[in-house]
Amino acid sequence: MSDNRRDFLKKGALLSLSGLASALIGKDKINNIEEITNKIDRMPAFTLPKLPYAYEALEPYIDKQTMEVHYTKHHAAYVNKLNETESTNIDYMSSDEVKCTHIDKYWSAVIRNNLGGHYNHSLFWTLLKPNAKGETNLPVGTLNEAIKKNFNSFDDFKKQFSEASTKIFGSGWCWLILKSDGKLKIVTTANQDNPLMKLDGERGKPVLALDIWEHAYYLKYQNKRADYISNWWNIVNWQKADELFSTK
Ligand SMILES: [Fe+2]
């Protein structure tokens, strides 16, 4: 954790407890405050978000083992690496979205890869939802209207997004982004980059995200990436995507 963040949190904790401490001043209470500040000192700057469903909840489209390994090994590794990598330039109090947006200010390959990995996966989990019964799963709300307006129809959008995902060479992500001009666009990024980062390529706010790393599908689908993509449409959380699209 950076010194700035640590000091900020310490001061906040001390201020909030100062009234109580002054009223009940005594050795035991002071020890309690020291104990709390010591705990804050040990808080990691980045944490693995709780998965919003069980590992097996996305079956039969994404299997339990893939989800468990993906979340507890891959995503956790990005978080752990970030916490091991101190950077005096990172504003630890800002959101991970803002940190990605300003990646050019604290440029390093290790931060770029692991901050991207952490942000991308945190978003990816929320954009999936269980659909064990295989019910029809279509876009909702204002995003539904915007997809029709930008891509002619949902079927045309689905075809273009699936093709872009299938064509990614090596590891990367496929995104639907909302650009600053209000238009939707399908883009892909390599490795753990994302469209928030100031890199070459189109930038915008992520509305949909699809992980195309082999670790996301290989245990179940092996080399059949197209089948993974085809099945992913059944578990897209369109409510969450609409929320991302509609929230400025
Ligand atoms: Fe992944």
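Just so you know, residue 1 is the first one in the sequence shown, and it goes up from there. Both backbone and side-chain heavy atoms feed into the values below; hydrogens, waters and symmetry mates do not. Both counts, for ligands and for their atoms, begin at 1 and track the order of listing.
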Which of the protein's N, O or S atoms come within less than 2.8 Å of the Fe ion (ligand 1), not counting waters?
H70 NE2, H121 NE2, D211 OD2, H215 NE2

Only one of Y119, F124, F161 clears ring-ring contact (aromatic ring centres under 6.0 Å, His included) with W173; which?
F124

Backbone of D242 reached by a side-chain donor or acceptor of S246 within 3.5 Å:
yes

Backbone of L196 reached by a side-chain donor or acceptor of N194 within 3.5 Å:
yes

Output all residues satisfying ring-ring contact (aromatic ring centres under 6.0 Å, His included) with F245, sequence neighbours left out; order by chain, then residue number.
none

Verdict with reasoning, Y61 to K220, per side chain to side chain contact (heavy atoms under 4.5 Å, CB included):
CA-CA 9 Å; Y61 309 107; K220 179 177 175 68; over 6 Å; no

Ring centroid separation H121 to H74 under 6.0 Å:
no

